[in-house]
Every structure is written in C-alpha cells, then in structure tokens.
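What follows is a short report on a single structure.
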Number of protein chains: 4
Amino acid sequence: MKALVYHGPGNKSWEEKPRPAIQQPGDAVVRITKTTICGTDLHILKGDVPEVTDGRILGHEGVGVIEETGSSVTNFKKGDHVLISCITSCGKCDYCKRGMYSHCENGGWILGHLIDGTQAEYTRIPFADNSLYHIPAGADEEALVMLSDILPTGFECGVLNGQVKPGDTVAIVGAGPVGLAALLTAQFYSPAEIIMIDPDEARLAVSKKLGATQTINNRKENALDKVKELTGNKGADTVIEAVGIPETFELCQYLVAPGGRIANVGVHGRSVDLHLEILWAHNISITTRLVDTVTTPMLMKTVQSAKLNPKQLITHHFKLSDINHAYDTFQHADREKALKVILTNE
Amino acid sequence: MKALVYHGPGNKSWEEKPRPAIQQPGDAVVRITKTTICGTDLHILKGDVPEVTDGRILGHEGVGVIEETGSSVTNFKKGDHVLISCITSCGKCDYCKRGMYSHCENGGWILGHLIDGTQAEYTRIPFADNSLYHIPAGADEEALVMLSDILPTGFECGVLNGQVKPGDTVAIVGAGPVGLAALLTAQFYSPAEIIMIDPDEARLAVSKKLGATQTINNRKENALDKVKELTGNKGADTVIEAVGIPETFELCQYLVAPGGRIANVGVHGRSVDLHLEILWAHNISITTRLVDTVTTPMLMKTVQSAKLNPKQLITHHFKLSDINHAYDTFQHADREKALKVILTNE
Amino acid sequence: MKALVYHGPGNKSWEEKPRPAIQQPGDAVVRITKTTICGTDLHILKGDVPEVTDGRILGHEGVGVIEETGSSVTNFKKGDHVLISCITSCGKCDYCKRGMYSHCENGGWILGHLIDGTQAEYTRIPFADNSLYHIPAGADEEALVMLSDILPTGFECGVLNGQVKPGDTVAIVGAGPVGLAALLTAQFYSPAEIIMIDPDEARLAVSKKLGATQTINNRKENALDKVKELTGNKGADTVIEAVGIPETFELCQYLVAPGGRIANVGVHGRSVDLHLEILWAHNISITTRLVDTVTTPMLMKTVQSAKLNPKQLITHHFKLSDINHAYDTFQHADREKALKVILTNE
Amino acid sequence: MKALVYHGPGNKSWEEKPRPAIQQPGDAVVRITKTTICGTDLHILKGDVPEVTDGRILGHEGVGVIEETGSSVTNFKKGDHVLISCITSCGKCDYCKRGMYSHCENGGWILGHLIDGTQAEYTRIPFADNSLYHIPAGADEEALVMLSDILPTGFECGVLNGQVKPGDTVAIVGAGPVGLAALLTAQFYSPAEIIMIDPDEARLAVSKKLGATQTINNRKENALDKVKELTGNKGADTVIEAVGIPETFELCQYLVAPGGRIANVGVHGRSVDLHLEILWAHNISITTRLVDTVTTPMLMKTVQSAKLNPKQLITHHFKLSDINHAYDTFQHADREKALKVILTNE
C-alpha cells in the first residue's frame, strides 16, 4: 500500500509500505476512506516530537471501512464503516476506567506517533472495540473526520473543562481549527457572549460566521480593554487558550473574571508566568488536558441531530495520493486561508 | 387603587383597595406595569389552596417601577424598572444561603398567597433587595413577565433537575405553558431530541414551532411505544413531568432510560404509584422542586442575548382593568388556544 | 469439583459438577478460596428470581486464585490472587463506558444468576480484565469478600447516591448487612449524625458499635417523631432505604428534609405509594441503583489504609463443604444473630 | 475601650479608642470575648498590605456577645453569643448570591483591613445577619475562634477546591496553621494517605498527631522522590499549597498525578513559573481562592458532633490586654513552637 512516511525533521514521502496485519486479538485493520492533517503533524515534521522516529507513517485522524478484525473484537466486523479516534483506549486500565483515555497505560495518543498512523491506504487500530466508533448509515464522512481529534479536543479541553454555561461570557484566544472547534461546541451550552480573539482578520470573519458574538483583532486592538468594556469590567467567565504560547496564556490571566475558569487547549513548548500574586485571591481555576475522546459518542449524536456542523471547518479537498500538496497548503494556512483539509482515498 | 381580590372559592372582584405602604425596612412598593395569570391562580379560585383567605389580592408575577423603598433597601431606588420574582427571598436564612429560596423561612411563595400580590395597580415586595431584579434599558417588558415564574419553573424544576445534556433525548409530558417553558430552556443544552407529549393538537403544533423535534399525541398514539421506537428501545435520558396527575407520572416511569432522570414539575394533588419493583435496579433519579428563581439573573442574560425568546408563550393581551375578561380567556385555554396572557396597567 | 447447585424453589445440593473451562478469550477460571452467602441467594431459593434455572451453581461473591486465563486477558495471569466482583463488566459497551456496569450489555449481574457462580471450588469469570481486581500482598481475604457485593452496594446505592456530606444528618432504615455497609461507608464523609432505624435490638447494638450516633427501634418508638426531634423538626439530609418493602419506603418519605435525598438500596417486589401531593414542593431527589461496583478500586484503598474495616460484618465461619449448614444459619439470621458468613475452601 | 491600633509599618499600640456604634441598619456591635492573631496581621505590620492605614484597629477573627443591633437586623439580638466571620457578606450582591462572599461588593475581607477589626474590646460588624453565626449553648468558644478564618480557609481553598476523595492520596506542602487546618479537614473525606511536607520537625510531629499518614522534611529529603515512591510513581491526587512562595508552588507541579488537582491556599507576593510545557497534557486543575466562609455553618456542625477538633491548633493563651506579648510569641513561631494563640478579653 501507499503511505505518508516520516524520515526525520523536514523529510516525508508518499511511498510503498507493507499493508498492516492483525497483531493482537483486539486489533482491527481499517481501509482508510478519508483522513486529514493536524497541526501536530506539522510539529512532528519540524522535529518537535522526538518520539516519532524515521519510518513512521503519520496521521491520527480518519474514517474508513473495517478490513479485518482480531479474535477478541466483538463490536466490529469486516465491512463496518467506522470513525477512528486519535486516542487509543484499552478499556481495562485504571485510567480508561476513569474516562482518562489520553493516559491509557496501553494506548493514549499512539497513532502516527508511537505506531503507524492513518495517512495511508490502510491502518491497524489496537483495542478496536474501544477505539473505533460505528458511523450511522447516511452520515457524512467528512463531518465525522473532524470528530477524530479537533472537535473532541476543542470540546473536552476547552468547553467542558471551561464549564461553559447558559448566559455566560466566553473568550476564546486563538481562531485556528481547534479554537473554532471550541467556538462551535461552546454553543451547546448557550453562552450569552462568545468573544473570539485572533490577529488574523480572515479567521475572525470565519468566527463571526460560526457563531462568535464579538471578535477582537489583538494585533489592532487591546484585547483586555475590549473584554473589560464588553463585560462591565468583570472579565469573561470562561477563557479558552487555543494557541500555546506564553503571550496568549498571559492574556488569558487578565481576561478571566473572579470565579472564572481558564481552560488551556494549546500545546505549550515553554513554561509561562502565572500571576499568583494577583490570582491567588480571584477564586479561579486553570485546567489542562490532552483530549480523551470520551465524548465522541455524544458528539456523533449532535452531528446526527444537526446541532453541530463540523464541515464548516473544511476548506480544502485533495486525493490521498496528493497528500504532499495538501501538506503544502496546510503549512501555509494563512496564505491559503486553510482550516482543515480533507484527503480522500479513491 | 384597583386590585383583583379573592372572596372565597369561585369569587373574585376587581375592586378598590388601599395602596400598599412600606411596612419593613427591606420593603419596596412597586407600581405594576404588566402582570399575568398563572395556572395556580385558577387553583386558588377553585378553593384548592386553603391558605389563601378572603380579601387577598391575587397574582405573583409582574414587572413594574419602584415607587418607594424602605430604609435598608440598597439595590433599588424610586423610578427603577424591575422584574418581580414569584418567590420572596430574605437572603439571610439557612435556605436562602443554600440557594433554596422556595423554602425561605421568611418568604418563599407568599405573593398572592399569604400576602397581597401583583394583580393590582401597586404591590408591596418584602426583602426587595433579594426579590426584585433590575430590568436593563431597552429590554422587552412582556418577555420578562415570563421570567417571574414559568420560565424559572420549567428551567429549574424540569431542565436543571433533569440534567439535560448535549446529545441527549428529552421527553416532556405536558405542553402547557410550563411544559413549553421547559421545552424552550431545554434547548440551552442542545439535546439531540426533544419529544413533546400532549393530547392537544394545537399545543403540539406550538411545540413544533418552539423546537420540539418530535411530538406525540397521547390521545391518539401509544406514547411509550413511540418513545421506545424513537430511542432504539432505550427510553429518554430526561423525562419532564409537566402535568401533575397520576397517569402522566406513571407514563414517565416507563419512558425513562436506565441511568435517566424523571424531573417532576407538575403540582400534584394525590399520591402516585412508584414502580420500585421495576425501577429499583434502573439507576434512575426522580426529583421534585418548587421553583427557587435562583436562575433569574442567568435567564435575563439569555433573554438579553436572544438565546431565549419567552414572548413566544404569549397569546393574548388585555388591559389590567379588563382582568376578569382575561381570567375568562385563560380558564378556557383550550377553546381560546391560550397560553400566557399579558395584562397592562395603562 | 464440588458446587452448590440450585434445583428449583426450596431445593439445593452440594454436589459434583464439571470443573469450568475457558470458553471465550476474555475468560478466567478462578479457584475459590473464600465465598459468602447473600440475601439474594435466599430470594433465589424461594423462587423469587425465575431467571435462575435448575442446575445453576449459586453465588456471586468471593476471592480466589487465577487458575487459567483466555488468550486476550492481559491484566491477570495464573497464580494471581483476585477479588471477584458480583457484577461482570465487558468494558466495551456503552453502559460500561459510562460506568454503569450493572447494565453492561454483555454482563451485569450474571454470576450465580444467568451463568454458574462462586459457591463452588472453581468458577469461570467472563471479561476477567474488567471484572476481577488484584488483591494486594498481605491484604485480608475475608475483609475483601465483603467488597464483592455488599460494601459497594451500600456505598454506591446508599452513600454516593444519597450524597452524604460532612456535617449532614443521615438516617438509614434497615440495619441488615447492606444497611450496615451503608453505615460504615457513610462515615467516609463525616456526617454529624447517623441515625439507624430497625426493629431488631441486636442489630441496633451492632449499629452503635459500627458508628451510628443514634438508634431507633421502630417497633417500640415512632421513628418519625424521634427523627424530627433529633433534627430540630427538619428531617434528615440523606435517607437510605435498606429494607425493600412499602412500609419502610413510606417512612423514608416522611423522614427526608426539604432539599434532601432518599437513596433506595432495598430490592422491592411491589410498587409503593409516592406522596407527590406533599413532596412535589420539597426539592428532594429519590434515586435507585443496582450496584455497579465501579468504586471497588477505591474501596480496596480504604481497606488497605484502614479507613474501612469490613470484617466487622462477619459473624460466622464455615468450611465451603459445610455450605448447607451455613445457609441454615444465614436463613435464621435473627435467631443466630448472623450478619455475613464466611465459607472457606480448604 | 482598648484596642490594638496600627500606626504604619512596624508600629502598633494597645491604646484607648472610642467604642464603636451602629452606623447602618444592618450593623451589630459585638463585645469581643476571645480573638486571635493571623499570619496576615504580621504581613500588615510589615507594611505588605498598603490599604491598611494609620489608626486602623487590627484583627479579623473572634467570638463575642452582641451588644447592640441596627434596625434591620433580624437574626441576632443583644446578648446573643456569636462567631465573627473574617469575611463580611452583604447577602444581596451578585457575588454573595453565588456563594462568593470573598468578592462581596459591599464587604469581603474588610475587618482589620478597610474598617476597624476584632483585636479590641468591642467591634462593629456590618451586615450582621449574614456575617455572624450563633454559637450553640455549651459550645467551646476557643474551638470556634478557629472557625473565623483558618479552618474555612484550609477547608474551602485546600480541601474543597482540591476535591479530596475517599481512598485518594493528598500531599500538603506547608505545615503552618492553615496547612494543618487543611490536614484536619481533609480527613472529612477519608483519603487513604495524607503526606505532610515541611522543613520544621516540630510541625511535622504535630502533623503526625493530627492525622498525617506520612511526613517529609523537605530540608532533609527530596520530597518529589519520596512522594513518587509512596504513590507507585504516580504522584498525589490532590496537592495543597499552603506556603505562598515560588519554590513550594514549583514543587506542587511535580507532585501532582495525571488527573489530579493543585489547590493553592498560600498568599503569593510574586508570580511563579507554570510548567505548561509538561502539564498541558496532564489533565490537571489548579485552583485559587480567597476564603468565602460559606462553609462556616457546616464546620460548626462538625465541631458540635466532634468530627473536628480545632482546639488542637491552639498552643498559647494570653489576656487580650497582653496582646503585644502575644504578637511577640506569634512572630517567633519557630522558637516558641507557636501555632494559634488565644486572646481572652477578661
């Protein structure tokens, strides 16, 4: 089969690899029908994720069709149409039993990281019974590819941890795909205001279309002043950090109202300054989380019932075999006005 | 001033009464601008609420303008535009500190019940600082009259107690004003399905318009069979009882899924059969509640941000002086297709 | 091997049966070292549980040693010392993922019910990875037998559902083994008062020893009057029903304070009267639950750290081969002052 | 009357001041019977709290007897024996209604800070109905002085925010009075292990006596290594920071297990480094809080029922008129082995 293979920082190639086979009784082999590219894949390519070694097939998102199952798999059979979760859950370690699949002792984020991933014609999924989800007849495959990673990430790490509530004011710092996923899913809870903060006008325009009630271009305006003005000087009840750099996390600390919550979604490479000299008395919480994908079944129901339309995040389509071109587009997201790209295995 | 006065079962009159005056330091006197009639007022008139005695001014909902305040009132002053809560909260007893205003040791539901109420040109509100809410400039008075009682009732007793969640299936038994208030506010949490059950086609048609995804006429169809069919035989995650008779509470017990919740909103006059021989092993909860109106500030924000449009429940308008006519219409709600009526003090 | 076999209402025998073998990849065969008898076993013997058919080996509690494991079992291996949960969890159905193991689509309560159980020299445990727990070196086996069923039952159905909190008043109706398990585990949360209500003086004396702050013999005293007197006329914050008959559930409805919780633990054979004509306005919750044993790992930690001493519930010891004698003692619990009996496979 | 008056950094005197009088309808004047000194008072004396101005009477803890009440006070009358909360709550602003008394728009921490305090023969308490608590007949006054501030501080900011649960491992960094208050109240929830970390052997010895299951002298041992060893390399479920310097907050970040909680109690004067480059994926929460004293009624019940014995924190007794001596002792807590000192107005 063909697959996108990592060959060290800056190097990748679409090349022939052996088709994966069942290795454990809980495995399934899935023929990929659609996959996508994540910001994390770009980090890997830069060499920021040293656990990814030469020869690894990239990708941790996708939908497909079951090709083969191991002897202990009971939830799925050949021919089943499935959504692949970016997080592999064994279902039987302490963390899985507590719903913390991201810390699964036998899985977690391993696809396209510690084992071969989904940017390929076929992929092997360990613990298939707990790591795949049935796609209902008639469902839109492209919408569901968004549920492999970014929708549960924005929702679990941003919206659930941020405890968004009806009537609240939410501020989201960062209008990239994950920030927009938080924007979409924050609306499950009917906040009064969702303020989107980003330096890119195009992304702010998308935010408005996807439900932001206010947008702030923090290259042009002082975001803190604006949020204070919009909130009667109180700040936001929930602040979602969806960038991952010290400057944006710093901003979040000033935006949060007494009694409020800062929900970190961004992947950080450096420590940040925490202003406990101010915040110690502000009755706030700060949360961190690697997505658990424990809400995937619920998110699928909201897609089925049209409460959530994740396809709004898709800007580009490519053939899977044209994946190098797709990476090029995604790497120049600003220039290309790219959010999520869909790769179809035809 | 003029007021609607109760004179024993079946008797009421629009008559001259002395204008109320400040009695305690925490009191406010409010000139009523708009009020409405509640199903409870009809119960009182039938003689079902014996604590209401001859001479009592009826009514526990309304908006108006502050006329005068007692010496310890600090949140309000003459001329302030206010929403009156149906529940009076002293703010300093154990129950109020726990957010259970309905059980306030010095208040609770007293307006139009134990003290004179709001169906009058003026009314006295005890503990004004904790029982009135500022109406923002430009807000729609008629929408806010709905927040005196039925919106918080449907929301707190039905939706909050029923723990409605994104992707869930909700069944609401009873499409009267309070059932519809639950329907409107259940949507704050983006359930996948809201199934409305009622024997009146007109009310089911309104339900559809207000957001029900399914309606069942339980005079014509077997509601249990239909709900089982719609839920893959599981039942509803949240079942809201908004009628108040044994038959509808019985139905709720069959509709609820394992792990689900029955939230009682209806005012019951008789005991009901609880099928513990079945339900003991179903991991369910049943909740009861007299509205606390602790969510009124939040509901006002959702109205201000257009997440909630309570005016959709208003079907008729009258002058306050025409209140006997309004009662006649509301008492024949079926015939008149009446939901809520607005009475304006011109 | 030898096992206790059910032969229809009133009939059981300690007889030779084939030793169980691995049937599915997730199975384990366990050599029983200690087991016990549950009130449910007595119900089965009376014929109250018709799903139990002639030839079934009884019992759903026990500890033992792994004899053999199926090909997909990874948490356990031959020789491991294990606690058997009364609830079998597949770990991969929707209910298991939600922590509702009692409603597992492939398991639930099946041991000694739908498949052969633990009152035998050997037993087969399906889905072993999710249904067994490692016994730490040095732990007391007899204490842990109590964690197969009654401790998690009293804790999950009574204490957790009843939301016991520091400073609260708890009333427990029924001082049998499960009521006492609720008494022991309620103390995890430091309520101010735990009032134990039962007609048996011997059980009330045990209750006092196990931490009850008050006891009421409801054959001799009016329990409602006494609880009202002890609570300044308010009632109990949490009321735990641990009997399972209409009379005791009726009592619970009068004992509960406004804002309180009734947690049903009892197994009911008939419907009960629910006084919604009173309770509709009392802001209470009523919960039901079949034990999920989702708290077993936590309970094991409390036993290991000596916060919980479940051995206090054991009154009698027998050899496993003397099980008919043990049943006789347990069936005459009053006369024998029996709570839990331990059966040892020597 | 006599009072302890602040006269700028380093200066205080026990001097004659006018006896306070009722200023607002909600005020009460309380004759102090017992008071104490808080670490915060030492900060004020150093000049660290510039809002405290020359002439201010210090102190925010105490018990006493009502001398006089304003016209709107209804919960208290002359002669009532009362506990004074360090936090003044108006009961009618948005924050008070949400239980965030610390952020009360009309109160909060004002005693001995923005208005005259409790280290005096008499003190004026604004919003008395919401800021005082009845002392039950027969209760121990000295125990209750501990409930003015440090017990609710340790409990709310440390234990509640840290979500201590049965079977959990708790690490508390700092064994001063507030860390010990967290230690005492953490036991309400029966954690399996409470590890106390402090460089002072005397305080560690007290910790052992008050319920710590492990102590670590972090001057002599590597606390991280020790906690990892004690927790099977996982870390603590709840970590409570009760010091308030960057080094201890840094330590907490390494001690916390995936899925765990860092509850900050310490008053910080500088920003700290937050290691988001590690923690972003650890699914943790960090909380801050100024005590709300919303749990005072509950804590009083636990004292009355002997679940909590706060007197264990008292090491020294003085006459109120000997307060300068008491400060001297408290300022040399190490040398004097002082925890809390009691000052009695004889």
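Remember, it's a predicted structure, so these values are computed and weren't measured experimentally. Chain letters run A, B, ... following the sequence lines, proteins first and then strands; every chain starts at 1. Worth knowing before you read on, the calculation uses all heavy atoms, side chains too, and leaves out hydrogens, waters and symmetry mates.
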Check your understanding: In terms of side-chain heavy atoms, does D:Glu61 have a donor or acceptor partner in D:Thr36 at a distance below 3.5 Å?
Key -> no
Check your understanding: Where does D:Arg261 contact chain A at under 4.5 Å (heavy atoms): side chain, backbone, both or neither?
Key -> neither
**Study point:** Note, A:Cys86 side chain near A:Thr293 side chain (heavy atom, < 4.5 Å)
**Key:** yes
Check your understanding: Looking at A:Leu276, A:Leu274, A:Thr288, A:Val265, which has the largest count of heavy-atom pairs under 4.5 Å with chain D?
Key -> A:Thr288
Check your understanding: Looking at A:Leu279, A:Val267, A:Asn264, A:Ile262, which has the largest count of heavy-atom pairs under 4.5 Å with chain D?
Key -> A:Val267
**Study point:** Contact check, side chains of D:Ser89 and D:Phe127, non-hydrogen atoms, under 4.5 Å
**Key:** no
Review point. Tell me, side chain or backbone of A:Asp273 under 4.5 Å from chain D's heavy atoms, or both, or neither?
Key: both
Check your understanding: Just by modelled atom types, is the D:Ile84 backbone N or O under 3.5 Å from a matching donor or acceptor in the D:Ser148 side chain?
Key -> yes
Point to revise | Top of A:Pro246, A:Pro258, A:Ser285, A:Ala263 for chain D proximity - count of heavy-atom pairs under 4.5 angstrom | key: A:Pro258
Check your understanding: Does NZ or CZ of D:Lys46 lie under 6.0 Å from the centre of the six-membered ring of D:Tyr6, at an angle within 45° of the ring axis?
Key -> no
Point to revise | Between D:Val291, D:Val272, D:Thr287, the one whose heavy-atom pairs under 4.5 Å with chain A are most numerous | key: D:Val272
Review point. So which of D:Gly259, D:Ser271, D:Gly269, D:Gly244 has the largest heavy-atom pair count under 4.5 angstrom toward chain A?
Key: D:Ser271
Check your understanding: Any luck finding a side-chain donor-acceptor pair between A:Glu241 and A:Thr248 under 3.5 Å?
Key -> yes
Exercise for review: Examine A:Lys92 relative to A:Tyr101 and say whether NZ or CZ is less than 6.0 Å from the centre of the six-membered ring and inside a 45° cone about the ring axis.
Suggested key: no
Check your understanding: Which bit of D:Asn161 comes within less than 4.5 Å of chain A, counting heavy atoms only: side chain, backbone, both or neither?
Key -> neither
Revision key, fill the gap. When the 4.5 angstrom heavy-atom criterion is applied to A:His103 and chain D, the contacting part is side chain
